[in-house]
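Note: hydrogens, waters and symmetry copies are ignored here, and every other heavy atom, side chains too, is used.
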Amino acid sequence: MLIELWINGKKVNAEIEPDMLLIDFLRKQGCFSVKRGCETSNCGLCTVFVDDKPVLSCSVLTARAAGHHVVTLEGLQEEAEAFGAYIADQGAEQCGFCNPGFMMNAVAMFRENPDPTEEEIREYLAGNLCRCSGYEGQMRGIQTYLAFKREKGASE
């Protein structure tokens, strides 16, 4: 089956099997930030944006992404880099395995709700599995980043 889609702004035409999962297709395209973690759509490690909406690429057939725009963390370097520094500063990137999916979901949250409460942050990121940090570092990193953005916005 021949499909056409855009990955991180680049048009891609490819021959796929009808049952190929989007996660496998993206990794074949060199998008190694997309990780397989649970095989049950519960960990968030495989999160990507399809037409600017976060989806779990392990539960989407590649054929369903045909004609759409898919963005992985590789396509969000500038946006994710600033936020990533705050996560690292809090020591919340210990092994780094969950970071790409976590960062994708955090960026989606920032876009959807630029000033979330602590409860809203916890609800939004509830689908992200991290076995190393206990989430406190991530929470501090998000809150510090949001405070920086508020301060920056107030000074502009």
Side-chain angles (χ1 to χ4, degrees), residues 1-88 92-117 119-133 135 137-139 141-142 145-146 148-149 153:
M1 154 183 281
L2 182 62
I3 63 162
E4 176 180 284
L5 69 157
W6 289 261
I7 300 174
N8 298 326
K10 180 183 169 196
K11 187 177 183 179
V12 175
N13 291 297
E15 188 71 35
I16 63 162
E17 293 297 321
D19 63 347
M20 180 179 232
L21 293 173
L22 185 57
I23 186 173
D24 298 319
F25 180 75
L26 292 170
R27 290 187 60 83
K28 281 188 175 195
Q29 299 300 312
C31 299
F32 298 116
S33 69
V34 184
K35 306 250 178 60
R36 177 175 265 109
C38 66
E39 302 284 343
T40 59
S41 303
N42 287 310
C43 71
L45 273 73
C46 67
T47 302
V48 299
F49 293 161
V50 176
D51 296 337
D52 293 324
K53 300 288 183 206
V55 300
L56 299 172
S57 63
C58 74
S59 62
V60 174
L61 291 173
T62 305
R64 293 194 51 101
H68 295 278
H69 293 265
V70 178
V71 177
T72 67
L73 191 60
E74 288 87 352
L76 293 178
Q77 286 303 300
E78 190 175 312
E79 194 170 356
E81 193 173 309
F83 170 58
Y86 285 85
I87 295 300
E93 83 296 3
Q94 292 176 17
C95 83
F97 193 71
C98 70
N99 278 7
F102 174 80
M103 303 239 342
M104 291 297 290
N105 279 299
V107 167
M109 178 183 65
F110 300 150
R111 289 177 177 182
E112 220 173 274
N113 183 356
D115 194 23
T117 65
E119 184 178 324
E120 289 171 327
I121 294 168
R122 290 185 190 283
E123 285 175 19
Y124 203 91
L125 300 177
N128 286 87
L129 178 64
C130 175
R131 291 182 171 114
C132 295
S133 73
Y135 303 97
Q138 284 103 330
M139 184 60 78
I142 287 171
Y145 177 71
L146 289 170
F148 165 75
K149 286 186 67 153

Just wondering, do Ile142 and Leu125 contact through their side chains at under 4.5 Å, heavy atoms?
yes
Closest non-hydrogen atom pair between Arg27 and Lys35, with its separation:
NH1-CA, 4.5 Å
Flag side-chain contact, heavy atom, 4.5 Å: Gln29 against Lys10:
no
For Thr47 and Pro54, which heavy atoms make the closest approach, and how far apart are they?
CG2-CB, 4.0 Å
If you count every heavy atom of other residues, nucleotides or ligands that lies below 6.0 Å from Glu15 atom CD, does the total exceed 12?
yes
Using 30° and 60° as the class boundaries, would you call the ring planes of Phe110 and Tyr145 parallel, tilted or perpendicular?
tilted
Residues forming a side chain to side chain donor-acceptor pair (under 3.5 Å) with Arg64, sequence neighbours excluded:
none
On a heavy-atom basis, the closest approach of Val70 and Ala65 is CG2-CB, 4.2 Å
If you define the side chain from C-beta out and look only at heavy atoms, does anything of Val12 sit under 4.5 Å from Phe25?
yes
Is there side-chain contact between Pro116 and Leu146, with heavy atoms separated by less than 4.5 Å?
yes
What are the two closest non-hydrogen atoms of Ile121 and Met109, and how far apart are they?
CA-SD, 3.8 Å
Take Asn128 and Gln138 through the test side chain to side chain contact (heavy atoms under 4.5 Å, CB included) and record every step on the way to the result.
CA-CA 11 Å; Asn128 286 87; Gln138 284 103 330; over 6 Å; no
Ser57 side chain to Cys46 main-chain N or O, any donor-acceptor pair under 3.5 Å?
yes
With no hydrogens and no angle check, just 3.5 Å: does a side-chain donor-acceptor pair link Thr72 and Glu74?
yes
Using the side-chain contact (heavy atoms from CB on, under 4.5 Å) definition, which of the options Leu26, Val71, Leu73 pairs with Asn8?
Val71
Between atom CG of Asn113 and atom CD of Glu120, what is the distance when rounded to the nearest 0.5 Å?
5.0 Å
Answer yes when Arg36 and Asp24 have at least one side-chain N-carboxylate O distance shorter than 4.0 Å, and no when they do not.
yes
